[in-house]
2 protein chains.
Amino acid sequence: MTIRAMCDTFDVTPRTLRFYEAKELLSPIREGQKRLFTRRDRGRLKLILRGKRFGFTLEDIRQLLSLYDLGDQQQTQLKRTLEIARQRLDAMRQQRADLDSAIGELDEQIIAGQQLLTEKMRQSAA
Amino acid sequence: MTIRAMCDTFDVTPRTLRFYEAKELLSPIREGQKRLFTRRDRGRLKLILRGKRFGFTLEDIRQLLSLYDLGDQQQTQLKRTLEIARQRLDAMRQQRADLDSAIGELDEQIIAGQQLLTEKMRQSAA
DNA sequence: AGACAAGTTGACGTGAAGGTCATTGTAACG
DNA sequence: CGTTACAATGACCTTCACGTCAACTTGTCT
């Protein structure tokens, strides 16, 4: 798959794909000087984009990608990766809790603001 | 309240407070050249920090702060602010949904990784 | 051969949210 | 009066995730 096809498929720019390659998140093969993205790259890119939506940094993602790429992993390495993943999971659960209470609070604020607005409208109507 | 007291109370650096002043999030009064932070500043800082934990940008926060500061607000202005708040609320709900599914998926991945590790351990034990 | 598209590398720019000096000011202590 | 300590200002630095632009190759069509 050429870089253009990748960009169209995943809605990213060429710059992004080259950037990910530089960061060792992707490793397209070369035909001459051109990049060709394989099935593997497509799979990884999907995961990268998902990871990004969830607020992982690219470096986090680079480490987590090894979860999906375990062929020759050592046990120690795998343990480390699981550890990282668990930490992220905890962080995400915490974030989820924060977000939830934030939503509640903001919701209340909006209701209060809405009431204030309604009062004002009654006032200027009178 | 001096800048030091503020920093200790809210666990931020002086740089941060000066930065927020430059961004018009805070407006401490001056005694000579020194900043003195009032009740109002303390209230606003609390809100700023909460907003930050929830992923608002400082510019978002600057706008939302007017929700708490409505004395001379016009209705039109208030409506705008409510609109912004509602948009953020929607974004946050979306973010929460994303986060939920991410948590679920990551959880599964970890379980899978854990099983793989267990197998490996059995192998090397045999 | 000319021209165009699509690709490449390299270098520099961007915005958010501060960090990190270096320098200068001011006030209180002994 | 000198030292310490806390403040202030200004200027540049940092990280992340790319954007932007220039200059150059390669391949293809006509």
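Residue numbers begin at 1 in each chain, while the letters A, B, ... track the order of the sequences.
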Subject >> DNA chain D-proximal residues of residues 23-31 of chain B, any heavy atom under 4.0 Å >> reply: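 The stretch gives B:Arg30 as the residues lying under 4.0 Å from the strand, ordered by number.
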**OP:** Measure the distance from CG on A:Leu17 to P on D:dC18 and round it to the nearest whole Å.
**Re:**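 Rounded to the whole Å, the gap is 10 Å.
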Original post:
Rounded to whole angstrom units, what separation is found between the CZ atom of A:Phe56 and the C1' atom of D:dC16?
Top reply: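 Nearest whole value for this atom pair: 16 Å.
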Is [X] salt-bridged to [Y], cutoff N-O under 4.0 Å?
| X | Y | value |
| --- | --- | --- |
| A:Glu21 | A:Arg62 | no |
| A:Lys52 | A:Asp60 | no |
| B:Asp90 | B:Arg86 | no |

Original post:
Is the closest side-chain donor-acceptor distance between A:Gln63 and A:Glu59 under 3.5 Å?
Top reply: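 Per modelled atom types, A:Gln63 and A:Glu59 side chains form a pair under 3.5 Å.
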Original post:
Quick one: side-chain contact (heavy atoms from CB on, under 4.5 Å) partners of A:Lys46, sequence neighbours excluded?
Top reply: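 Here the qualifying residues are A:Phe10.
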Taking only the side-chain nitrogens and oxygens of [X], find out if one of them lies under 4.0 Å from OP1 or OP2 of [N].
| X | N | result |
| --- | --- | --- |
| B:Arg35 | D:dA7 | no |
| B:Thr2 | D:dA7 | yes |
| A:Thr13 | D:dC18 | no |

Subject >> B:Asp98: which of B:Gln95, B:Arg96, B:Gln94 passes side chain to side chain donor-acceptor pair (under 3.5 Å) >> reply: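 Running side chain to side chain donor-acceptor pair (under 3.5 Å) over B:Gln95, B:Arg96, B:Gln94 with B:Asp98 returns exactly one hit, B:Gln94.
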Original post:
Of all nucleotides in DNA chain C with an atom under 4.0 Å from a non-hydrogen atom of chain B, which is the first and which the last going 5' to 3'?
Top reply: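 So the outermost contacting nucleotides come out as C:dA17 to C:dT26.
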